Amino acid sequence: MRLSQFHLATVKEVPADAEIASHRLMLRAGMIRKLAAGIYTWTPLGLRVLRRVERVVREEMDRAGAIEMLMPSIQPKELWEETGRWQKFGGQLLKIRDRKDGEFCYGPTHEEVVTDFARNELKSYRQLPLNFYQIQTKFRDEIRPRFGVMRAREFLMKDAYSFHLTPECLDRTYRVMYDAYARIFTRLGLQFRAVQADTGAIGGSASHEFHVLADSGEDAIAFASGSDYAANVELAEAVAPATPRPAPAAPLERVATPTQRTIEEVSAFLGVAPAQCVKTLLVRGRDGLVALCVRGDHELNEIKAAKLPELPGESELASEAEILAATGTRPGFIGPVGLPATIPVIVDRSAAALADFVCGGNADGTHCRGANWERDARLTRVADLRKVVAGDPAPDGRGTLSIARGIEVGHVFQLGQKYAEAMGASVLDEQGKARTMYMGCYGIGVSRIVAAAIEQNHDDAGIVWPEAMAPWRVAVCVINPKHDAKVAEAAETLYRELCARGVDAVLDDRGLRPGAMFADIELIGIPHRVVVSERGLAAGAWEYRRRDEAESRALGHSEVLALFD
RNA sequence: CGGGGUAUAGCUCAGCCUGGUAGAGCGUUGCGUUUGGGACGCAAAAGUCGGGGGUUCGAAUCCCUCUACCCCGACCA
């Protein structure tokens with residue numbers, strides 16, 4: 001490609017609200033342009049990068065035995081009603097109507113469509129297993145799109161769906177996909193970790209997320225220091241304290257805390273550590289309110305709470321009015337001591353190990369001191385309810401946890417029979433009996449990977465692409481070609497030689513001043529640069545520089561070519 | 001959904017409080033001088049001041065309303 005004939009659209013200024021590096025750099029490099037909130041045009045430059053990612057993903061999916069297909073992005077309501085997700089998916093589902101007033105959605109994911117396809121196509125166990133994938137534009141009407149293509153509403157995703165007769169077979173394909181994902185992110189030159197994950201609303205059993213490690217990541221990941229255990233903090237188990245609960249030593253007393261409601265206020269006022277307090281949250285249960293207790297220095301993990309049998313599958317805090325009606329007091333003064341017997345008290349493992357603790361007194365302006373479980377406070381059940389924090393013991397018993405941030409770029413699930421069951425997708429087994437299929441699903445955020453890669457690979461001058469993702473591998477830059485025809489000629493020759501050898505090269509023949517040209521080439525992150533100039537020609541050398549190195553080197557003609565063999 | 005903010009030249013933004021001739025930088029076009037780290041000079045083009053309504057002799061500026069976008073929070077895969 002000759003840049004004089006390309007549409008390179010770098011800009012100097014970027015809106016003040018582009019906060020993270022990848023968003024700013026993608027705008028400055030002219031890779032994307034915003035059309036509406038969370039909706040972006042990929043420019044020719046941006047598309048080149050997107051295609052590189054796609055190519056690696058496609059090659060590895062094919063190698064792993066998946067079969068590419070393409071499903072519609074517009075999907076009929078009826079299919080989504082079969083699984084109940086027309087309602088359950090919520091506001092993220094973009095619903096549209098056609099001219100006959102028929103209802104459709106723009107697909108945020110394709111479990112329904114692929115399961116419908118499978119139930120029509122697959123009749124015999126002998127056709128299984130099969131793994132179908134596609135690379136396609138999805139739309140999720142995010143409440144708050146942000147960070148450019150990192151959290152866009154319209155985005156490019158690779159999604160794969162596998163079908164099996166048995167859970168064992170599903171498990172085998174799941175491992176194959178897991179390995180394929182690791183290869184994809186390795187080939188793309190990304191630092192990543194696979195972590196145990198929550199299965200969320202998509203449902204199912206086993207699940208791993210693949211995260212690109214970056215401080216700007218929206219997810220928190222817990223790592224063990226002594227093993228390769230890694231889990232999303234949503235899922236990471238908070239183990240019970242090693243030391244058992246001490247015997248009560250203090251008498252229960254009620255103390256006046258007229259205006260102190262938060263743990264910070266109460267602990268400061270009474271001169272006790274937050275870790276010696278019990279925080280009580282009332283949530284809506286299946287059958288009236290439920291009390292959840294965690295230690296004052298811990299936070300409730302709502303994902304864990306939602307899985308409690310006492311809760312309706314989601315954890316929603318009770319309103320102030322509900323709390324007042326049930327307990328006679330207001331948030332800030334709730335505690336497990338003397339709570340109405342109709343309210344189950346579920347206590348986190350760490351909170352359950354406390355003795356002589358401080359908690360709400362269930363009366364306005366009152367807290368209890370010297371409270372103890374069983375003796376003073378009812379304890380229905382102990383459960384893992386809290387978010388892990390750095391320094392917690394690792395769930396596998398090997399070392400302690402530390403917390404890092406990551407960007408979720410891939411997710412593999414074992415769906416089990418959830419969708420096949422709901423939609424009646426079955427095949428006949430050896431005995432001629434209908435058997436509901438087992439499914440797995442495997443997603444990769446193709447467009448998000450582009451942003452994630454930039455988060456991990458940039459400097460003050462711009463993007464530093466990993467080789468596999470770069471829009472071009474090498475840039476040939478000509479200095480002042482109009483002044484000396486021999487310089488222009490030499491650059492042209494080098495460019496052609498590189499192309500002839502199959503090297504993806506770009507010739508910057510725009511005739512810009514050197515400063516502007518170098519700034520552009522560095523901004524768009526080309527991994528290798530060769531400068532052809534009058535000065536170099538006189539010395540019989542080319543000036544070569546790697547994007548990730550500070551110094552350039554003088555190389556002879558054949559040495560330059562040899563770099564790319 | 002709640003709270004806050006923004007909308008002015010192709011882009012990034014001033015001007016609005018305190019009503020009175022539409023501004024800057026970057027970019028673009030032309031001419032000239034330049035050519036190893038985002039050059040310089042001269043000239044020029046370019047705006048229904050987001051839409052609608054109101055107040056006023058007069059509205060980018062004040063008021064109402066609609067729309068879009070952004071931020072914080074809640075919510076949600």
Side-chain angles (χ1 to χ4, degrees), chain A residues 8-20 23-24 27-30 33-40 85 87-94 108-109 111 138-148 151-153 155 157 159 197-204 207 209 218-219 232 234-235 283-284 302-303 306 313-317 319 408-411 413 415 441 443 445 448 460-462 477-484 487-488 491 508 510-524 529-539 541-543 545 550 552 554:
Chain A
L8 191 65
T10 57
V11 291
K12 287 185 185 165
E13 283 171 302
V14 128
D17 53 48
E19 291 173 288
I20 63 171
H23 188 194
R24 299 177 64 83
L27 289 170
R28 276 187 55 205
R33 296 281 189 244
K34 186 167 82 167
L35 183 64
I39 299 178
Y40 291 86
R85 290 210 295 180
Q87 294 301 328
K88 254 193 302 189
F89 210 88
Q92 282 202 32
L93 194 61
L94 179 67
T109 178
E111 282 82 9
K138 302 269 192 274
F139 193 96
R140 292 184 188 172
D141 199 356
E142 294 281 347
I143 294 171
R144 201 140 85 77
R146 58 184 135 179
F147 305 146
R151 180 180 278 267
R153 294 195 293 172
F155 57 99
M157 181 171 173
D159 48 329
D198 183 58
T199 49
I202 293 180
S207 174
E209 288 168 353
E218 293 189 270
D219 287 296
N232 194 307
E234 291 174 344
L235 189 75
V283 297
R284 297 183 182 134
E302 293 180 33
I303 306 270
E314 55 178 8
S315 78
E316 207 176 346
L317 288 173
S319 69
E408 184 188 345
V409 290
H411 204 158
F413 291 93
L415 294 174
C441 91
R448 179 180 279 183
D460 290 345
C477 296
V478 208
I479 291 190
N480 204 4
K482 282 190 185 133
H483 186 255
D484 184 349
V487 175
D508 193 344
R510 294 175 298 171
L512 294 186
R513 301 170 64 82
M517 174 169 59
F518 294 154
D520 269 352
I521 295 299
E522 281 158 18
L523 174 60
I524 66 175
R529 183 184 81 188
V530 181
V531 177
V532 178
S533 64
E534 214 169 342
R535 187 204 284 173
L537 221 52
W542 275 221
E543 180 183 317
R545 183 172 156 191
S552 54

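Numbered from 1 within each chain, the chains take letters A, B, ... in sequence-line order. Bear in mind the structure is a predicted one, so any value in this text is a computation, not a measurement.
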_Can you check the distance between B:A60 and B:C17, where both ends of the measurement are the P atom (answer in whole Å)?_
12 Å

*Set of residues satisfying side chain to side chain contact (heavy atoms under 4.5 Å, CB included) with respect to A:R545, sequence neighbours excluded*: A:E522, A:R529, A:S552

*asked:* Quick check for you: among B:C69, B:C75, B:G38, whose closest atom lies nearest to any side-chain atom of A:T10?
replied: B:G38

*B:G2 base to A:R144 side chain: any donor-acceptor pair below 3.5 Å?*
no

_Residues which pass side chain to side chain contact (heavy atoms under 4.5 Å, CB included) with A:E302, listed by chain and number, not counting sequence neighbours_ = A:L300, A:S315

*For A:F155, which of A:R448, A:E142, A:R140 qualifies under side-chain contact (heavy atoms from CB on, under 4.5 Å)?*
A:R140

*Roughly how far apart, to the nearest Å, are B:C66 and B:A77 at atom C1'?*
33 Å

*Using the C1' atom as the reference point in each nucleotide, state the distance between B:U8 and B:G25 in Å, no decimals.*
15 Å

*Picking from B:A77, B:G38, B:C70, which would you name as closest to the side chain of A:H411?*
B:A77

*asked:* Heavy atoms from C-beta onward define the side chain here; which of B:C69, B:A77, B:G38 lies closest to that of A:A36?
replied: B:C69

*Would you indicate what A:E142 reaches in the nucleic acid, counting non-hydrogen atoms under 4.0 angstrom: base, sugar-phosphate, or nothing?*
nothing

*asked:* With a 4.5 Å cut-off on side-chain heavy atoms, are A:V487 and A:I479 touching?
replied: no

*Checking only heavy atoms, does the side chain of A:E234 share a donor-acceptor pair with the base of B:A77 at less than 3.5 Å?*
yes

_side-chain N/O A:R146 vs B:C71 OP1/OP2, d < 4.0 Å_ = no

*Which residues pass the side chain to side chain donor-acceptor pair (under 3.5 Å) test with A:E543, sequence neighbours left out?*
none

*May I ask you to evaluate whether A:R151 reaches the phosphate of B:A77, defined as a side-chain N or O under 4.0 Å from OP1 or OP2?*
no

_Same-atom distance (C1') from B:U48 to B:A59, integer angstrom_ = 15 Å

_A:F89 side-chain proximity, nearest of B:G27, B:C70, B:A77_ = B:A77

*Hey, does A:R24 reach any base, or is it just sugar-phosphate, or nothing, if we go heavy atoms under 4.0 Å?*
nothing

*Please state the P separation for the pair B:C16 and B:G32 - nearest whole angstrom.*
42 Å

_C1'-based separation of B:U21 from B:U67 [nearest Å]_ = 31 Å

*Could you walk me through whether A:R151 and A:H23 pass side chain to side chain contact (heavy atoms under 4.5 Å, CB included), step by step?*
CA-CA 10 Å; A:R151 180 180 278 267; A:H23 188 194; over 6 Å; no

*Within the modelled atom types, does a donor on one side and an acceptor on the other bring the side chain of A:R529 and the base of B:G37 under 3.5 Å apart?*
yes

*asked:* Please determine whether side chain to side chain contact (heavy atoms under 4.5 Å, CB included) holds for the pair A:V478 and A:M517, giving the CA-CA distance in whole Å, both sets of side-chain angles, and the decisive distance to 0.1 Å.
replied: CA-CA 9 Å; A:V478 208; A:M517 174 169 59; 5.7 Å; no

Quick test: give all pairs of protein nitrogen or oxygen and nucleotides 33-35 of chain B nitrogen or oxygen below 3.5 Å, distance rounded to 0.1 Å.
| unit_1 | atom_1 | unit_2 | atom_2 | d |
| --- | --- | --- | --- | --- |
| B:U34 | O2 | A:R513 | NH1 | 2.6 |
| B:U35 | O2' | A:N480 | ND2 | 2.8 |

*Under the side chain to side chain contact (heavy atoms under 4.5 Å, CB included) test, residues paired with A:V14 that sit two or more places apart*: A:A18, A:R24, A:L27, A:R28

_Under 4.0 Å from OP1 or OP2 of B:A77: is there any side-chain N or O of A:R140 that close?_
no

*Are A:D141 and A:Q92 close enough, and set up right, to give a side chain to side chain donor-acceptor pair (under 3.5 Å), and what steps lead you there?*
CA-CA 4 Å; A:D141 199 356; A:Q92 282 202 32; over 6 Å; no

*Expressed in whole Å, how much space separates the P atoms belonging to B:C40 and B:U34?*
16 Å

_Heavy-atom side-chain proximity of A:E111 to A:R85 below 4.5 angstrom_ = yes

*asked:* Less than 4.0 angstrom between a side-chain N/O of A:K34 and OP1 or OP2 of B:C70, yes or no?
replied: yes

Restricting to nitrogen or oxygen on both sides, can you table the protein-nucleotides 7-14 of chain B pairs closer than 3.5 Å?
| unit_1 | atom_1 | unit_2 | atom_2 | d |
| --- | --- | --- | --- | --- |
| B:C13 | OP1 | A:A16 | N | 3.0 |

_With rounding to the closest Å, how many angstrom separate the P atoms on B:A45 and B:C63?_
36 Å

